[in-house]
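Presented below is the structure to which this report refers.
Everything numeric in this text was worked out from a predicted model, so none of it was measured. Counting convention: from 1, in listed order, for ligands and their atoms alike. Along the sequence shown, the residues carry numbers beginning at 1.
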Amino acid sequence: LGTLIDRPYIHINCAATMDGRIALPDGSRLAISSPWDKARVHSLRAQLGSILVGAGTIISDDPKLNVNPDYSGTGAVIAKIVLDGRGRIPASARFLRTEGRSIVLTSGSASEGWAASLEEVSEDVSVVRLGDGPDIPIAKAWSALSDRGIHGVLVEGGSHVISSVLSSGAFDIFTVYTSPMIMGGSGPAIVGGAGFPIPIDLRLTAMQIPPGGGVLAEYKKV
Ligand SMILES: NC(=O)c1ccc[n+]([C@@H]2O[C@H](COP(=O)([O-])OP(=O)(O)OC[C@H]3O[C@@H](n4cnc5c(N)ncnc54)[C@H](OP(=O)(O)O)[C@@H]3O)[C@@H](O)[C@H]2O)c1
């Protein structure tokens with residue numbers, strides 16, 4: 001994993017409806033993944049050794065960011081990474097209390113008091129400041145993770161994080177599980193933010209209709 005390049009191996013993954021929505025219109029969690037897909041994602045977390053999400057996902061879903069043995073068949077302990085340039089996530093967040101290291105990547109825009117409140121939760125929590133912010137250049141984030149012994153990262157969203165990572169070009173593979181359901185409306189899409197000046201072209205490298213329905217598509221850079 002990531003031995004030939006100076007960054008971890010980066011796998012972006014998300015689950016979407018047929019119309020590309022990844023959550024309910026108010027941003028709350030939408031059950032999109034099939035049991036097969038949950039097993040795949042939890043196994044990927046265990047295999048890659050770490051998971052990364054953005055501050056928005058922590059604030060709206062409060063996920064544990066762990067490997068659930070009920071889905072993966074294994075109880076691996078992984079590193080949990082959050083991109084939070086302004087320092088918005090609360091110290092009550094559940095992932096700070098699950099087993100394994102928690103690494104919160106932030107910037108000079110976040111307050112010292114906020115950083116201290118997270119680090120007080122456990123000795124496994126570290127807050128790392130990268131640049132003046134609030135945006136953290138993705139290359140800097142990957143290099144900080146490499147320096148901390150992280151060799152593989154499963155980037156799970158949400159929309160703004162996927163946008164940041166796609167536009168950086170610093171990723172290896174992007175998988176999308178599309179569920180046979182349609183949400184409509186204006187909920188968060190796979191890629192959020194202002195969009196790109198020109199479309200990012202990807203190459204479809206594999207497709208599968210898994211047991212239980214849906215489509216799993218795998219893309220790589222052109
Ligand atoms: N279906 C799925 O597979 C899936 C998976 C995960 C999440 N979700 C859904 O996604 C939604 C959340 O998406 P979201 O777009 O609102 O939030 P998000 O992508 O989780 O987090 C966005 C925030 O992260 C911070 N951030 C992102 N990139 C950064 C960078 N390069 N440098 C510094 N900070 C950075 C920013 O915080 P600041 O604005 O404070 O700077 C940004 O607002 C939720 O509704 C959740 O349910 C779905």
Hey, is Asp61 touching ligand 1 through its side chain, its backbone, both or neither, going by heavy atoms under 4.0 Å?
side chain

Can you list the atoms of ligand 1 that are under 4.0 Å from a heavy atom of Ala23?
45 (O), 47 (O)

Output yes when the distance from some N or O of ligand 1 to some N or O of Glu156 is under 3.5 Å, and no in every other case.
no

Can you tell if the side chain of Trp142 reaches within under 4.5 Å of the side chain of Val165, non-hydrogen atoms only?
yes

Ile22 heavy atoms, cut-off 4.0 Å: which ligand 1 atoms fall inside?
1 (N), 8 (N), 9 (C), 10 (O), 48 (C)

Ligand 1 atoms nearer than 4.0 angstrom to some heavy atom of Gly27 are 44 (C), 45 (O), 47 (O)

Strictly distance-based, threshold 3.5 Å: is any side-chain N or O of Thr57 a donor or acceptor partner for the main-chain N or O of Gly158?
yes

Is there a heavy atom in Gly192 that sits closer than 4.0 Å to ligand 1?
no

Any side-chain heavy-atom pair from Leu145 and Leu105 closer than 4.5 angstrom?
yes

Any atoms of ligand 1 less than 4.0 Å from a non-hydrogen atom of Gly85? List them with their elements.
33 (C), 34 (N)

Could you identify the single nearest non-hydrogen protein atom to atom 38 (P) of ligand 1 and state the distance to 0.1 Å?
Arg86 NE, 3.3 Å

Protein residue, atom and distance nearest to atom 35 (C) of ligand 1, heavy-atom basis:
Leu83 CB, 4.1 Å

From Val165, Leu30, Thr57, Leu24 - option closest to atom 20 (O) of ligand 1 by heavy atom:
Thr57

Quick one: nearest non-hydrogen protein atom to atom 24 (O) of ligand 1, plus distance?
Ala55 N, 3.3 Å

Any atom of ligand 1 sitting under 4.0 Å from a heavy atom of Val53?
no

Looking only at protein heavy atoms, which one is nearest to atom 2 (C) of ligand 1, and how far off is it?
Ala15 O, 3.6 Å

Please work out, at 4.0 Å between heavy atoms, whether the side chain, the backbone, both, or neither of His160 comes within that distance of ligand 1.
both

So, do Asp84 and Ile58 sit near enough that their side-chain heavy atoms are less than 4.5 Å apart?
no

Whether over 12 other heavy atoms sit under 6.0 Å from Tyr71 OH
no

Can you find a pair of side-chain heavy atoms, one from Ile162 and one from Phe171, that are under 4.5 Å apart?
no

Nearest non-hydrogen contact to atom 32 (N) of ligand 1 from the set Thr106, Ile136, Val176 belongs to Ile136

Please list, in number order, the atoms of ligand 1 under 4.0 Å from a heavy atom of Gly56.
17 (O), 18 (P), 20 (O), 21 (O), 22 (C), 23 (C)

Is Lys80 reaching over with its side chain to a backbone N or O of Thr98, donor-acceptor style, under 3.5 angstrom?
yes

Does Asp61 use its side chain to pair, donor to acceptor, with the backbone of Pro63 at less than 3.5 Å?
no

Donor-acceptor contact present, side-chain Ser107 to main-chain Gly131, <3.5 Å:
no

Is a side-chain donor or acceptor of Arg7 paired with a backbone partner of Ala139 at a separation under 3.5 angstrom?
no

Checking heavy-atom distances from atom 33 (C) of ligand 1 to each of Ser163, Cys14, Pro134, the winner is Pro134

Closest to atom 13 (O) of ligand 1 among Ser28, Ser159, Gly187 (heavy-atom distance)
Ser159

Using heavy atoms and a threshold below 4.0 Å, how should the contact between Ser164 and ligand 1 be classified: side chain, backbone, both, or neither?
side chain

Does atom CD of Glu99 have more than 12 heavy-atom neighbours, drawn from other residues, nucleotides or ligands, at distances under 6.0 Å?
no

Test your reading of the model: is there a side-chain donor-acceptor pair from Asp62 to the backbone of Ala93, 3.5 Å cut-off?
no

Residue, atom name and distance, where the atom is the protein heavy atom closest to atom 42 (C) of ligand 1
Arg88 NH2, 4.1 Å

Backbone N/O of Ser143 and side chain of Ser146: donor-acceptor pair under 3.5 Å
no

Is the number of heavy atoms from other residues, nucleotides or ligands within 6.0 Å of CG (Asp132) greater than 12?
no

Best match, Ala31, Ser107, Gly158, Ser167: closest heavy atom to atom 18 (P) of ligand 1
Gly158

Which of the numbered atoms in ligand 1 are under 4.0 angstrom from any heavy atom belonging to Val161?
19 (O), 27 (C)

Heavy-atom pairs closer than 4.0 Å: do any link ligand 1 to the side chain of Ser60, the backbone, both, or neither?
side chain

